[in-house]
Amino acid sequence: MSGDPITIDVLVKPRSSRGGIDGVQEGKLRVRISAPPVDGKANEQLTEIISDALGVPKSGIEIIRGRTSRQKTLRVAGLTRESYDNFLEKVAK
């Protein structure tokens with residue numbers, strides 16, 4: 001599918017009533033998280049949401065910056081930049 005992993009910037013909206021992709025803000029993927037930011041639960045849910053949305057395995061997603069922040073950078077394996085850009089166009093309503 002892809003050779004090198006790509007990096008994506010994510011803006012997390014914590015304490016949402018439900019988790020999911022919430023569009024694009026300032027070039028960052030906006031993601032709602034309902035899990036509490038305790039014991040890595042919110043980051044786990046983020047990984048699950050991104051995995052489902054992009055169709056990549058959870059094991060191919062790594063938080064490389066912002067583990068305890070609302071703004072995060074993820075390294076995603078198994079996805080081309082072109083596929084991700086197309087995905088962004090669809091969710092940037």
Side-chain angles (χ1 to χ4, degrees):
M1 214 175 161
S2 167
D4 296 329
I6 65 167
T7 57
I8 62 173
D9 293 317
V10 176
L11 182 60
V12 174
K13 184 177 177 195
R15 297 177 181 84
S16 296
S17 58
R18 61 189 170 106
I21 303 294
D22 197 27
V24 178
Q25 180 178 334
E26 298 171 2
K28 296 180 172 104
L29 186 62
R30 201 170 52 221
V31 182
R32 294 183 316 267
I33 302 290
S34 60
V38 178
D39 298 330
K41 300 267 187 230
N43 287 336
E44 270 181 42
Q45 185 180 22
L46 172 64
T47 301
E48 289 173 14
I49 291 168
I50 297 295
S51 171
D52 290 345
L54 298 177
V56 298
K58 288 188 280 187
S59 61
I61 300 170
E62 177 187 4
I63 300 171
I64 58 173
R65 190 176 14 235
R67 187 164 288 283
T68 60
S69 171
R70 292 182 64 219
Q71 295 187 30
K72 301 178 186 297
T73 302
L74 309 178
R75 180 179 294 130
V76 181
L79 182 71
T80 63
R81 175 55 65 183
E82 182 181 4
S83 296
Y84 180 67
D85 290 344
N86 290 337
F87 172 79
L88 278 184
E89 284 180 29
K90 289 177 189 171
V91 298
K93 302 170 191 155

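All heavy atoms count here, side chains included; hydrogens, waters and symmetry mates do not.
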- Item | Heavy-atom side-chain proximity of Phe87 to Leu79 below 4.5 angstrom | no
- Under a 4.5 Å cut-off applied to non-hydrogen side-chain atoms, are Leu74 and Asp9 in contact? no
- Could you tell me whether the side chain of Leu29 reaches within less than 4.5 Å of the side chain of Tyr84, counting heavy atoms only? yes
- Item | Residue pairs, two or more places apart or on separate chains, that pass side-chain hydrogen bond (donor to acceptor under 3.5 Å, both in side chains) and touch residues 30-41 | Asp22-Arg30, Asp22-Arg32, Gln25-Arg30, Ser34-Gln45
- Query: Any side-chain heavy-atom pair from Ile50 and Val31 closer than 4.5 angstrom?
  - Reply: yes
- Item | Minimum-distance pair of heavy atoms, taken over all atoms of Ala53 and Ile21 | CB-CG1, 3.9 Å
- Grab the two heavy atoms, one from Ser83 and one from Thr80, that are nearest each other, plus how far apart they are. OG-OG1, 2.8 Å
- Query: Between the main-chain N or O of Val56 and the side-chain N or O of Ser51, is there a donor-acceptor pair closer than 3.5 Å?
  - Reply: yes
- Message: Tell me every residue that passes salt bridge (Lys or Arg N to Asp or Glu O under 4.0 Å) with Arg15, counting only those two or more places apart in sequence or in another chain.
- Response: none
- Item | Asn43 side-chain N/O to Ile63 backbone N/O, donor-acceptor pair under 3.5 Å | no
- Message: Do Lys72 and Arg65 make a side-chain contact, defined as non-hydrogen atoms from C-beta onward lying under 4.5 Å apart?
- Response: no
- Correct closest heavy-atom pair for Pro37 and Ala42 would be CA-CB, 3.9 Å
- Distance-only, no hydrogens or angles: does the Arg70 side chain make a donor-acceptor pair with backbone N or O of Val12 under 3.5 Å? yes
- Would you indicate whether the side-chain heavy atoms of Thr7 and Ile64 approach each other to under 4.5 Å? yes
